[in-house]
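Report on one structure; see the data block that follows.
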Number of protein chains: 2
Amino acid sequence: MKLTSKGRYAVMALVDLARFDNINPVSLRDISLRQGISLDYLEQIFSKLKKNEIVKSIRGTQGGYVLNKNPNDIKLTNIFHAVDEKVKTVQCKKDSKKGCNGKATKCITHNLWDELEIHINTFFENKSLKDLLNNNKETRV
Amino acid sequence: MKLTSKGRYAVMALVDLARFDNINPVSLRDISLRQGISLDYLEQIFSKLKKNEIVKSIRGTQGGYVLNKNPNDIKLTNIFHAVDEKVKTVQCKKDSKKGCNGKATKCITHNLWDELEIHINTFFENKSLKDLLNNNKETRV
DNA sequence: ACATACCTGACTAAAATGGTCAAGTTTAGA
DNA sequence: TCTAAACTTGACCATTTTAGTCAGGTATGT
Ligand code: FES
Ligand code: FES
């Protein structure tokens, strides 16, 4: 079970953004430099964050991104969902009665994987961007 | 974050094994047929389970595998560790002071990923094979 | 005008995944 | 003793996913 870089970067970038967007929009270039994430990759990520209304963009010189919601209302769940970083403990469809690889029934450990998925998602539900900012916020002069 | 088939199969196979190994060893062929897992793949998996002393093997006709411990003492942690299904929320080394990709320092979200890793591992620590057998054990006649 | 910064889509090298295949060795039972 | 069942080992491989890069755009403040 690995967390992918895409998911990790999305959260890192948003935390960075939240720390610096007091007044002005924050450019991806700045985030890229500060966090050491490829600019091109960041652009892909922010395109998705924007589609999911987590950030807003301001084009042109002095443009950049700003949060579109209160940091308290941006849960890790929302972020991960936006960038398609989903938790998958099984391969079979949830609503189908069929098991993995088109088997007729669900497997004997099926409940376990459901429990695991819930356990992990609970963590993401209960963490907001705000939680990640505590004692951490920098003020732009 | 995906759970791989290898990990899922390992647990499925062990639950199957635990249910049927009352008297005789259970052959991988039987597990393969009952659970619909490739025999060749199962062999790879059980080779690792054996190295980690979770199962014992009995060769020859009527041979197979049996548990090497009490189901209560086989945690998911042990199983996953045996088949290299590890939880990895980061790419950087735990003991090193360096960050991901050889960066000089840890990233701003580092604590979060540590927490997440612990959260998931706790689930695996607290589940044993026994827990998965409740109300489920079949008796060979 | 022009630099900055967002926007979009195609492309790709490398790694991981989920196996298969081949060639054994061991041992119970006929 | 022969044979088939079952474990053992190691190499191999197709496909998918990951983690980006690259090459173009378009919008806008100064
Ligand atoms: S995990 Fe898909 S059938 Fe149980
Ligand atoms: S996750 Fe590796 S530096 Fe934070």
Side-chain angles (χ1 to χ4, degrees), chain A residues 1-10 12-13 17 20-21 24-33 35-52 54-66 68 80 83-92 100-102, chain B residues 1-10 12-13 17 20-21 24-33 35-51 54-66 68 80 83-91 100-102:
Chain A
M1 302 209 80
K2 292 201 199 89
L3 184 70
T4 67
S5 290
K6 189 164 59 178
R8 220 171 331 109
Y9 288 168
M12 278 174 65
L17 178 57
F20 283 98
D21 85 340
N24 302 343
V26 180
S27 74
L28 293 190
R29 189 166 163 284
D30 285 353
I31 298 180
S32 165
L33 290 174
Q35 304 304 329
I37 304 170
S38 147
L39 175 59
D40 284 314
Y41 203 19
L42 273 179
E43 273 167 352
Q44 288 182 38
I45 291 171
F46 273 75
S47 153
K48 298 184 181 196
L49 292 174
K50 188 189 171 187
K51 273 188 197 131
N52 283 264
I54 292 172
V55 296
K56 273 186 300 198
S57 68
I58 291 131
R59 302 183 68 153
T61 319
Q62 304 302 326
Y65 287 92
V66 290
N68 197 15
F80 283 154
V83 300
D84 309 305
E85 170 81 46
K86 21 183 182 264
V87 177
K88 279 197 74 174
T89 58
V90 300
Q91 287 194 291
C92 44
C100 290
N101 321 344
Chain B
M1 299 210 82
K2 293 201 197 91
L3 184 70
T4 68
S5 290
K6 190 164 59 178
R8 219 171 332 109
Y9 288 168
M12 280 174 64
L17 178 58
F20 284 98
D21 86 339
N24 302 343
V26 180
S27 75
L28 293 190
R29 190 168 162 281
D30 286 353
I31 298 180
S32 165
L33 290 173
Q35 305 303 330
I37 304 170
S38 145
L39 176 58
D40 283 314
Y41 204 18
L42 274 180
E43 273 165 352
Q44 288 182 39
I45 292 170
F46 273 75
S47 152
K48 297 183 183 200
L49 293 174
K50 189 188 170 189
K51 275 190 194 127
I54 291 172
V55 297
K56 273 185 299 195
S57 68
I58 290 130
R59 302 184 69 157
T61 321
Q62 304 301 325
Y65 286 92
V66 291
N68 198 15
F80 283 154
V83 299
D84 307 307
E85 171 81 47
K86 18 183 185 268
V87 177
K88 276 197 75 174
T89 59
V90 300
Q91 287 194 293
C100 289
N101 320 344

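Protein chains get the first letters and strands the later ones, always in sequence-line order, with residue 1 at the start of each. Bear in mind that the values here come from a model prediction, so they are computed numbers and not experimental data.
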When rounded to the nearest 0.5 angstrom, what is the spacing between [atom1] in [X] and [atom2] in [Y]?
X	Y	atom1	atom2	result
B:S27	B:F20	OG	CZ	11.5 Å
B:I45	B:K6	CD1	NZ	7.5 Å
B:M1	A:K2	CE	NZ	10.0 Å

Spacing of [X] atom [atom1] relative to [N] atom [atom2], expressed in whole Å:
X	N	atom1	atom2	result
A:Q91	D:dT15	CD	P	17 Å
B:L28	D:dT9	CG	C1'	14 Å
B:N101	C:dA14	CG	P	16 Å
B:Y65	D:dA6	OH	P	12 Å
B:Q35	C:dG18	CD	P	18 Å
A:D84	D:dA19	CG	P	13 Å
A:E85	D:dG20	CD	C1'	15 Å
B:R8	C:dT17	CZ	P	12 Å

Sequence neighbours left out, cut at 3.5 Å: what donor-acceptor pairs do the side chains of residues 55-65 of chain B make with other protein atoms?
from	atom 1	to	atom 2	distance (Å)
B:S57	OG	B:K50	NZ	3.2

Members of residues 38-51 of chain A that approach DNA chain D, where some heavy atom sits under 4.0 Å away: A:S38, A:D40, A:Y41, A:Q44
Could you check whether any side-chain heavy atom of B:V83 comes within less than 4.5 Å of a side-chain heavy atom of B:L49, counting everything from C-beta outward?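 Yes, at least one pair of side-chain atoms sits under 4.5 Å.
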Would you say the side chain of A:F46 lies within less than 4.5 Å of the side chain of A:I31, judging by non-hydrogen atoms? yes
Tabulated below should be each protein N or O lying under 3.5 Å from an N or O of nucleotides 25-30 of chain D; please produce it.
from	atom 1	to	atom 2	distance (Å)
D:dT26	O2	A:R59	NH2	2.6
D:dA27	O4'	A:R59	NE	3.2
D:dA27	O4'	A:R59	NH2	3.3
D:dT28	O2	A:T61	OG1	3.4
D:dG29	N3	A:T61	OG1	3.4

side-chain hydrogen bond (donor to acceptor under 3.5 Å, both in side chains) involving [X] - partner list, sequence neighbours excluded:
X	answer
B:K48	B:D84
A:D40	none
A:T4	A:E85

N/O (side chain, B:Y9) to phosphate O (OP1/OP2, C:dG19) under 4.0 Å: yes
Report yes if a side-chain nitrogen or oxygen of A:S57 is closer than 4.0 Å to either non-bridging phosphate oxygen (OP1 or OP2) of C:dC7; otherwise report no.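 It does, given that an N or O in the side chain of A:S57 lies less than 4.0 Å from OP1 or OP2 of C:dC7.
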Which residue lies toward the 5' end of DNA chain C, A:K2 or A:R29, if each is placed at its nearest nucleotide? A:R29
